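By convention in this document, chain letters (A, B, ...) are assigned in the order of the sequence lines, proteins followed by strands, and residues within each chain are numbered from 1. These figures come from a predicted structure and were not determined experimentally.
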Protein chains: 2
Amino acid sequence: MSENEQKEQPRRRQARGERRIAQLLEAAANVFCTTGYTAASTNAIAREAGVSPGTLYQFFPNKEAIAIELGERLMHEMRETYGEALAPVDPATPLEEAVGAAVDRFIAFNCDHPVFFALMHGPDLPGRITEEHDALHATLLARVEDLLGSLLPDASPADLTRTAQVCLSVHKAGLELVLAHEGAERDAYVRELKDVLIRYLEPLVGDRLGRPAAVTTTRSA
Amino acid sequence: MSENEQKEQPRRRQARGERRIAQLLEAAANVFCTTGYTAASTNAIAREAGVSPGTLYQFFPNKEAIAIELGERLMHEMRETYGEALAPVDPATPLEEAVGAAVDRFIAFNCDHPVFFALMHGPDLPGRITEEHDALHATLLARVEDLLGSLLPDASPADLTRTAQVCLSVHKAGLELVLAHEGAERDAYVRELKDVLIRYLEPLVGDRLGRPAAVTTTRSA
DNA sequence: GACAAACACGAGCGGTCGCTCGCATTCTGG
DNA sequence: CCAGAATGCGAGCGACCGCTCGTGTTTGTC
């Protein structure tokens with residue numbers, strides 16, 4: 001085990017190969033979307049892409065690598081398109097606006113790439129994808145915690161984490177509802193999701209005028 | 001195909017058989033809980049129960065039947081234990097109390113039977129279990145709609161349905177969070193879940209004194 | 001045009017899974 | 001006590017899945 005570096009020596013790809021890869025990833029997205037990761041068979045992905053199983057394995061070492069590459073491309077696109085959606089929020093923006101904007105961006109991305117939800121929240125994913133999801137979750141959690149922390153300087157870290165977790169979970173639930181509907185109904189669910197979050201957070205932050213955030217229930221019992 | 005009634009002619013079961021069935025169902029619950037339905041192998045269930053695969057198939061015609069029987073027993077127990085948790089609510093009870101009681105009961109049941117969540121919300125379930133879930137969901141939806149309808153006589157049916165859907169989705173998300181924690185942290189998440197629901201609903205129902213339910217956002221755009 | 005590398009194919013290998021079947025053992029009614 | 005039903009076993013069948021491999025085709029380079 002001295003220097004058998006089998007480091008990925010990126011094979012010389014022809015344009016044809018890159019096209020095939022994109023084609024295969026798109027096919028994989030479709031199949032993952034409709035059947036989930038585990039139930040999706042590599043043969044089915046190859047068939048969907050109109051190629052043979054052998055061709056698929058010309059470009060991906062195994063099934064997991066397909067999901068990983070897909071996940072990484074989605075992550076990259078998300079950071080590129082909406083990367084600054086998670087940027088520190090100007091504390092001057094009203095809560096409604098901040099929540100509304102964040103929700104809108106995430107909803108839009110997930111509507112454009114429904115496979116993202118399947119890959120991130122699927123139940124039987126390979127370890128590597130779970131890591132990606134956990135990393136994203138941790139990032140979002142930290143962002144929300146920071147935002148909440150700047151609004152609730154007196155809250156304990158544990159309370160902050162919990163509140164942020166609740167926000168993300170509620171968001172995920174709402175996203176699921178939104179994706180399950182279309183057109184006007186979908187828009188209505190987006191409104192509801194925003195309302196849930198805003199009404200949950202509003203009593204905590206008051207209207208940020210120094211009012212001691214009238215909570216009706218005891219925290220950290 | 002005139003009268004080949006292969007109707008389940010319930011085989012004469014001995015006490016031993018009933019014991020085996022219970023044993024197998026408990027083993028199945030464990031395996032389903034940890035690996036999910038699809039990934040659970042019948043051989044693994046048999047091994048967990050300490051019997052041979054053949055013995056398992058002495059009592060269940062196939063893998064799906066195990067999940068179905070398990071689901072039906074859970075449903076039955078739920079209706080028996082908490083059946084009246086869904087009973088029409090006395091309109092005099094304050095919202096907080098009604099929500100709190102309903103949440104507490106569902107949380108308690110799901111904590112006692114974690115396999116219930118796995119079977120109801122798993123992603124790759126057989127058709128029959130999906131039917132059970134849908135039936136339960138429809139029942140709960142109707143209950144919540146009724147309750148909301150009595151509090152919001154002016155809301156359109158579509159709005160009622162949507163609001164009820166949001167309540168159930170939020171509840172599911174909260175349940176997931178609660179099940180992921182233990183002890184004091186778990187209790188804290190229960191509190192949060194109740195707060196989310198109460199704060200979401202409170203502006204809609206006002207405090208039921210004829211106040212026109214000051215909503216801050218437009219509904220049915 | 002020649003040569004190698006990249007690309008494409010699809011039969012099929014090894015493995016797992018749901019499930020079966022023949023046979024042994026235990027229980028139960030008469 | 002014994003015939004037959006119920007229970008129990010576990011090797012293994014057929015199907016499918018992830019993946020490989022030998023072979024043939026296309027593409028880039030000189």
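- With 3.5 Å as the limit, one finds no donor-acceptor pair spanning the side chains of A:Ser169 and B:Glu176.
- In this model, no donor atom of one side chain and acceptor atom of the other lie less than 3.5 Å apart for A:Gln165 and B:His181.
- Listed by residue number, the members of residues 55-64 of chain B with any heavy atom below 4.0 angstrom from DNA chain C are B:Tyr57, B:Asn62, B:Lys63.
- The shortest side-chain heavy-atom distance between A:Leu56 and A:Ile66 falls under the 4.5 Å cut-off.
- For A:Lys63 (side chain) and A:Ala40 (main-chain N/O), a donor-acceptor pair under 3.5 Å exists by modelled atom type.
- Pairs passing the ring pair (Phe, Tyr, Trp, His ring centres under 6.0 Å) check and including a residue from residues 35-57 of chain B, sequence neighbours excluded, read B:Phe32-B:Tyr37.
- A donor-acceptor pair is defined here as one N or O able to donate and one able to accept, closer than 3.5 Å; no such pair exists between the side chain of A:Arg199 and the backbone of B:Arg199.
- Listed for the A:Arg186 side chain is a donor-acceptor partner under 3.5 Å among the backbone atoms of A:Val178.
- Taken residue by residue, residues 31-43 of chain A places heavy atoms nearer than 4.0 Å to DNA chain D at A:Ala40, A:Ser41, A:Thr42, A:Asn43.
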- request: Represent DNA chain C in dot-bracket notation, 5' to 3'. Only Watson-Crick or G-U wobble pairs with both distances under 3.5 Å count; pseudoknot-style crossings use [ ] and interstrand partners use |.
  value: ||||||||||||||||||||||||||||||
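- Rounded to a whole Å, the CZ atom of B:Arg12 is 20 Å from the P atom of D:dA3.
- The stretch residues 14-30 of chain B touches DNA chain C through B:Gln14, B:Arg16, each having a heavy atom under 4.0 angstrom from the strand.
- Of the possible donor and acceptor atoms, one in the side chain of A:Thr34 sits under 3.5 Å from a partner among the backbone N and O of A:Val31.
- Residues meeting the side chain to side chain contact (heavy atoms under 4.5 Å, CB included) test with B:His113, sequence neighbours left out: B:Leu74, B:Glu77, B:Phe109, B:Phe116.
- Taking atom CZ on A:Arg13 and atom C1' on C:dA8, their separation rounds to 13 Å, with Å as the unit.
- Side-chain contact check for A:His133 versus A:His121: some heavy-atom pair is nearer than 4.5 Å.
- Judged by distance alone, the side chain of B:Asp159 and the main-chain N or O of B:Ala155 form no donor-acceptor pair under 3.5 Å.
- With contacts defined as side-chain heavy-atom distances shorter than 4.5 Å, the pair A:Glu132/A:Leu136 does not qualify.
- Checking side-chain atoms of B:Thr93 against main-chain N and O of B:Ala98 turns up no donor-acceptor pair under 3.5 Å.
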